[in-house]
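Because the structure is predicted, anything quoted here is derived from the model rather than measured. These values consider heavy atoms only, across backbone and side chains, with no hydrogens, waters or symmetry-generated copies.
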Amino acid sequence: MIELILNYIFAAGIIFSHIIGYIVSGLALIFIYKNWETIKKDKLIFFITLFLLYGFVWAFFTEYKKEAFEEMFTYLTSWLFPFILGCYIIDNIKKENLIKTYISVFTVVLFFSVLSYFGVFYQEIAGSQLARKGMHLHALMWHISCGAMCVLLSCFTLIPLLFKENLSKNKRILLFSLTIFFMICLYLSGSRGYYIAGGITYLLIFVFYIFKTGKFKIPLFICILSMIFVVIMFHNNKFMRERIYNTSITKEWSLTNRIDAYKVALSIYKDNFIFGVGPRQSVRQAGYHEKVLGVKKDPESGRHMHSMYLNILSDFGSVGFIIFGIIIFLIFKRLFFIYKKENSILALCLLFAWCSLLIGDCFDTVLRGPRVAMDYFWLTGLILAKDFKSKIY
């Protein structure tokens, strides 16, 4: 019962602050003794733990130890803790209710964020930003993270709409409306990386649906309607028009900054391809910035290399990247197993959501945590919980 309450607090509270996620998932570890025999043998938890141990050990030998340990604490509390919290719930009805709670609270926050975006509600609440009027939708987080979460939420409404049989008319209308709403929120986030990630993900979902059913009317209707809304908003939003028209990998700061970071990360990896330079150390390598870009850089500035994959390669080297790859492989393998074994719509939702995150993180590092990563690993633990605990009971 206590484990369920903690999951409900996480589901309703993580939207407002990752600090709630830290506290709740940390408290959940108190009950780890109940499942210790299985936990210590589970491959996915083993490789997550191995990645964390590797990073913490590496942190002792880095120049900027404080930043290194902070980085590993973020990985620990964003990956392992929420994953274990979700693993406590094996009852399918309770899982669904938790996910409904999570989506409902997030939808309310997004709704008020949209009002804020159009200037009819507060821009900030308790210091957290809902939106910058006419610019970016934030929903109490960074706008790129907001884009990532909008794709995640839309997967959990679009896929049941397409694949769940015997839905009532009212539920179909609700799921359809929410899907369009989340797609609009994705657009308002202004995250071009997740425009790409969302577009590819929706295409994959539609292709899979047409392949499985031979039907195409619903996907076509969703595409047309969402595009109509986007075109209307595009022509009535000067900032978004300029953001799209001015996109340039040679002239726009946000993109040239990424390209520069990629060049530096690759140079660091080339010289440190086995172990990397340590957690959050790549952004501190002023010598590499000067060597590669010909400019001096403050080693105290920056938090990541604007690509999850290059960030891991430069920070953790080939060893860390291989462990990370195994973690992702095991997540996909087990979600696909649950989908095939139980025809689990939730597992299918999360499979496509993970696809979107991995595409989006070519351009950023939201999987580092705390937000987004926490949500994903909690949902993954929740959906894999039955498979995880079937080895216990």
Salt-bridge present (Lys291, Asp271; N to O < 4.0 Å): yes
Between Gln281 (side chain only) and Pro279 (backbone N and O only), is there a donor and an acceptor less than 3.5 Å apart? yes
Which atoms form the tightest heavy-atom contact between Ser314 and Met305, and what is the distance? OG-CG, 3.9 Å
Would you please test Leu384 and Leu44 for side chain to side chain contact (heavy atoms under 4.5 Å, CB included) and show each step? CA-CA 11 Å; Leu384 293 181; Leu44 181 51; 4.1 Å; yes
By the definition side chain to side chain contact (heavy atoms under 4.5 Å, CB included), identify the one residue from Phe10, Phe81, Phe83 that meets it with Trp378. Phe10
Between Phe316 and Phe51 (judged by ring centroids, cut-off 6.0 Å), do the two rings come close enough to count as a pair? yes
Just by distance, with hydrogens left out, do Ser154 and Tyr202 show a side-chain donor and acceptor under 3.5 Å apart? yes
CG of Leu110 to CD1 of Ile184, rounded to nearest 0.5 Å, is 11.5 Å
List the steps and the verdict of salt bridge (charged side-chain N to carboxylate O under 4.0 Å, His left out) for Glu63 and Arg284. CA-CA 9 Å; Glu63 180 180 358; Arg284 299 290 193 272; over 6 Å; no
Looking at CG of Asn7 and CD1 of Ile89, how far apart are the two atoms once the value is rounded to the nearest 0.5 Å? 4.5 Å
For the pair Arg368 and Asp361, find out whether any cationic side-chain nitrogen is under 4.0 Å from an anionic carboxylate oxygen. no
Ignoring hydrogens, what is the shortest heavy-atom contact between Cys355 and Phe332? Give both atom names and the distance. SG-CE2, 3.8 Å
Which heavy-atom pair separates Pro82 from Ser25 by the least distance, and what is that distance? N-CB, 3.7 Å
Aromatic ring proximity, centroids under 6.0 angstrom, Tyr209 and Phe216: no
State whether the side chain of Ser116 and the backbone N or O of Phe112 hold a donor-acceptor pair below 3.5 Å, judged by distance alone. no
Using modelled atom types only, decide if a donor and an acceptor are shared between the side chain of Tyr88 and the backbone of Ala28 within a distance under 3.5 Å. yes
Does the pair Tyr187 and Ser226 meet the rule for a side chain to side chain donor-acceptor pair (under 3.5 Å), with working shown? CA-CA 10 Å; Tyr187 173 73; Ser226 58; over 6 Å; no
Take atom NZ of Lys65 as the centre, draw a 6.0 Å sphere, and report whether it contains more than 12 heavy atoms from other residues, nucleotides or ligands. yes
Would you indicate whether Ile2, at its atom CD1, is surrounded by more than 12 heavy atoms from other residues, nucleotides or ligands within a distance under 6.0 Å? no
Decide if the gap between the ring center of Phe176 and the ring center of Phe221 is smaller than 6.0 angstrom. yes
Are Phe56 and Phe61 connected into the same hydrophobic cluster when the rule is that any two of I, L, V, M, F, W, Y join if their side-chain heavy atoms are below 4.5 Å apart? yes
Between Asp375 and Tyr102, a side-chain donor and acceptor under 3.5 Å: yes
Would you say Ile322 and Leu53 are hydrophobically clustered, going by side-chain heavy atoms of ILVMFWY under 4.5 Å? no
Ring centroid separation Phe73 to Tyr22 under 6.0 Å: yes
Reported CD1-to-OG1 distance for the pair Ile312 and Thr365, which is rounded to 0.5 angstrom: 9.5 Å
Taking the ring of Phe111 and the ring of Phe181, is the distance between their centroids below 6.0 Å? no
Ring centres under 6.0 Å, that's the criterion: do Trp354 and Phe377 meet it? yes
Intermediate values then yes/no, side chain to side chain contact (heavy atoms under 4.5 Å, CB included), Val105 and Phe16: CA-CA 9 Å; Val105 175; Phe16 298 100; 3.7 Å; yes
Please find the pair of heavy atoms, one from Gly198 and one from Leu186, that lie closest to each other, and give the distance. CA-CD2, 4.4 Å
What distance separates Ile144 CD1 from His306 NE2, expressed to the nearest 0.5 Å? 8.5 Å
As an exercise, state the distance from CG of Leu161 to OG1 of Thr179, rounded to the nearest 0.5 Å. 5.5 Å
Aromatic plane relationship, Tyr75 with Trp79 - under 30° parallel, 30 to 60° tilted, over 60° perpendicular: perpendicular
For a quick test of reading the model, state the closest non-hydrogen atom pair linking Gln123 to Gly119 and the distance between them. NE2-CA, 4.3 Å
Locate the shortest heavy-atom distance separating Tyr269 from Ser318; write the atom from each residue and the value. OH-OG, 2.7 Å
With rounding to the nearest 0.5 Å, note down the distance linking CG in Leu357 to CE in Met149. 9.5 Å
